[in-house]
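Reckoned from all heavy atoms, side chains included, excluding hydrogens, waters and symmetry mates.
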Amino acid sequence: MVGTFDWLFGQYAEYPTLFIVLELIGVIFGVASVLLARRTSILVFPIGIVSTAIFVYLLWKWQLFGDMFINAYYTAMGLYGWRNWSKSKANISQKTKVNQDSKQADQQSQNNVQIEHIQASDIPIMAVLTIVTVAFVALVYYFRPVINNNFSFDGTVLGLHLFTWVDYTDMLTTALFLIAMWLMASRKIEHWLLWIVADVISVPLYFYKGLTFTALQYIVFTLIAIWAYYEWQRRYRIQFNAAYA
């Protein structure tokens, strides 16, 4: 038991207390944001931005640059999604008020946004995001020796032979997460399926990197994402039936 505990949390003995506290805060806000996303609450974005901004700082300090860029992208996409969901919510509220009094309409549309399925027009954007993401992360890892050497080429060795299985896995999960985040901001149901796959892969990956609290967070993310996928399907059916009632 002691050996298992040391394996899971022993690395934190070397971390500054501030880093541990920030990681825990980031995890709490991250889990809260996924729960809010399940409910299609627009608060998913400001809460999520707090979490991703914290991890941008921590991952920079830990020199996990691939993960850092993922969270920087999340932060930017969170702002886009916040605006997109706000417009959708406003449109629903306006349509509802045509047939209902203001108070009842506000209550009904409080957590509602227009949920959609992926369309054929989304595929090219997803393909471009995948190609650009993999190429960018590969470039970051290719020049990682330079980055770790205070951005100096002196004495550094570059090459694809330095890539590890962790680097290739990071490329995959980064592409999945970035596409999922874009689909979420665009209110597409299928983004949950990508979250599930990427979350499952991330659990052992973060255990390996020594970020136990973050790995445990992704276990929770996986369970919530499965729950949320069925919840969004249910909401879509209600939305569809209401549109043709």
> Honestly curious: do Val50 and Ile20 fall in one hydrophobic cluster under the side-chain, below-4.5 Å linking rule?
Replying inline: yes
> For Tyr141 and Tyr168, what are the C-alpha separation, side-chain angles and deciding distance, and is it a side-chain contact (heavy atoms from CB on, under 4.5 Å)?
Replying inline: CA-CA 10 Å; Tyr141 282 132; Tyr168 290 112; over 6 Å; no
> So, Tyr73 side chain and Leu178 main chain: donor-acceptor pair closer than 3.5 Å or not?
Replying inline: yes
> Hey, what do you get for CG (Leu160) to OH (Tyr142), rounding to the nearest 0.5 Å?
Replying inline: 6.5 Å
> Less than 4.5 Å apart, any side-chain heavy atom of Arg144 and any of Asp167?
Replying inline: yes
>> For the CG atom of Leu58 and the CD1 atom of Ile25, what is their distance to the nearest 0.5 Å?
In response: 9.5 Å
> Between Phe213, Tyr206, Phe207, which is the residue that forms a ring pair (Phe, Tyr, Trp, His ring centres under 6.0 Å) with Tyr218?
Replying inline: Tyr206
> Does the side-chain contact (heavy atoms from CB on, under 4.5 Å) test come out yes or no for Val137 and Thr133, once each step is laid out?
Replying inline: CA-CA 6 Å; Val137 176; Thr133 299; 4.3 Å; yes
> Side chains of Leu193 and Tyr229: closer than 4.5 Å at any heavy-atom pair?
Replying inline: yes
>> Rounded at 0.5 Å granularity, tell me how far CD1 in Ile196 sits from CD1 in Ile226.
In response: 5.0 Å
>> Please determine whether side-chain contact (heavy atoms from CB on, under 4.5 Å) holds for the pair Phe45 and Leu79, giving the CA-CA distance in whole Å, both sets of side-chain angles, and the decisive distance to 0.1 Å.
In response: CA-CA 7 Å; Phe45 294 107; Leu79 296 172; over 6 Å; no
> For Asp199 and Phe221, which heavy atoms make the closest approach, and how far apart are they?
Replying inline: OD2-CB, 3.3 Å
> Given the rule that I, L, V, M, F, W and Y join up when any side-chain heavy atoms are under 4.5 Å apart, are Leu139 and Val146 in one cluster?
Replying inline: yes
>> Same cluster or not: Met171 versus Val132, using hydrophobic residues (I, L, V, M, F, W, Y) connected whenever any side-chain heavy atoms lie under 4.5 Å apart?
In response: no
> Is the NZ or CZ atom of Arg38 both under 6.0 Å from the centre of the six-membered ring of Trp232 and within 45° of that ring's axis?
Replying inline: no
>> How about OH on Tyr208, more than 12 heavy atoms from neighbouring residues, nucleotides or ligands closer than 6.0 Å, or not?
In response: no
> Atom CG of Leu24 and atom CD of Gln217: how far apart are they, to the nearest 0.5 Å?
Replying inline: 10.5 Å
> Do any N or O atoms from the side chain of Ser41 and from the backbone of Leu36 form a donor-acceptor pair under 3.5 angstrom?
Replying inline: no
> For Val56 and Tyr74, what are the C-alpha separation, side-chain angles and deciding distance, and is it a side-chain contact (heavy atoms from CB on, under 4.5 Å)?
Replying inline: CA-CA 10 Å; Val56 166; Tyr74 286 168; over 6 Å; no
> Between the side chain of Ser33 and the main-chain N/O of Gly30, is any donor-acceptor distance below 3.5 Å?
Replying inline: yes
> Does Asn71 use its side chain to pair, donor to acceptor, with the backbone of Met68 at less than 3.5 Å?
Replying inline: no
> Do you know which two heavy atoms are closest between Ile201 and Leu176, and how far apart they sit?
Replying inline: CD1-CD1, 4.3 Å
> Of all heavy-atom pairs between Leu194 and Ala180, which one has the smallest distance, and what is that distance?
Replying inline: CB-CB, 3.8 Å
> Do Val134 and Leu205 belong to the same hydrophobic cluster, where Ile, Leu, Val, Met, Phe, Trp and Tyr are linked whenever their side-chain heavy atoms lie under 4.5 Å apart, directly or via other members?
Replying inline: no
>> I need the minimum non-hydrogen distance between Met184 and Ala37, along with the two atoms involved.
In response: CE-CB, 3.7 Å
> Between Lys188, Gln239, Arg187, which is the residue that forms a side-chain contact (heavy atoms from CB on, under 4.5 Å) with Ile115?
Replying inline: Gln239
>> I want to check something: taking the side chain as every heavy atom from C-beta on, are Trp227 and Trp192 in contact at a cut-off of under 4.5 Å?
In response: no
>> Using a 3.5 Å distance criterion without hydrogens, assess whether the side chain of Thr173 forms a donor-acceptor pair with backbone atoms of Asp170.
In response: yes
>> Contact between Val44 and Trp85 at the side-chain level, heavy atoms closer than 4.5 Å - yes or no?
In response: yes
> Would you find more than 12 non-hydrogen atoms of other residues, nucleotides or ligands less than 6.0 Å from Phe29 atom CZ?
Replying inline: no
>> Under 4.5 Å between side-chain heavy atoms, counting indirect links through other Ile/Leu/Val/Met/Phe/Trp/Tyr residues: same cluster for Tyr57 and Met77 or not?
In response: yes
> Just wondering, do Pro145 and Val157 contact through their side chains at under 4.5 Å, heavy atoms?
Replying inline: no
> Do Glu231 and Tyr236 come close enough that some side-chain heavy atom pair is under 4.5 Å?
Replying inline: no
> Is there a donor in the side chain of Thr52 and an acceptor in the side chain of Thr75, or the other way round, less than 3.5 Å apart?
Replying inline: yes
> Which atom pair, heavy atoms only, marks the closest approach of Asn84 to Ala185?
Replying inline: ND2-O, 2.7 Å
>> Give me the atom names and distance for the closest heavy-atom approach of Ala215 to Val203.
In response: CB-O, 3.6 Å
> In Å and rounded to the nearest 0.5 Å, what is the CD1 to CD1 distance from Ile118 to Ile123?
Replying inline: 5.5 Å
>> Using 30° and 60° as the class boundaries, would you call the ring planes of Phe177 and Trp195 parallel, tilted or perpendicular?
In response: tilted
>> To the closest 0.5 Å, what do you measure between OG (Ser186) and CD1 (Ile125)?
In response: 7.5 Å
>> Looking at Glu116 and Gln114, would you say the former's side chain and the latter's main chain have a donor-acceptor pair under 3.5 Å?
In response: no
>> Counting only heavy atoms not in Tyr80 (residues, nucleotides, ligands), do more than 12 fall under 6.0 Å from its OH?
In response: yes
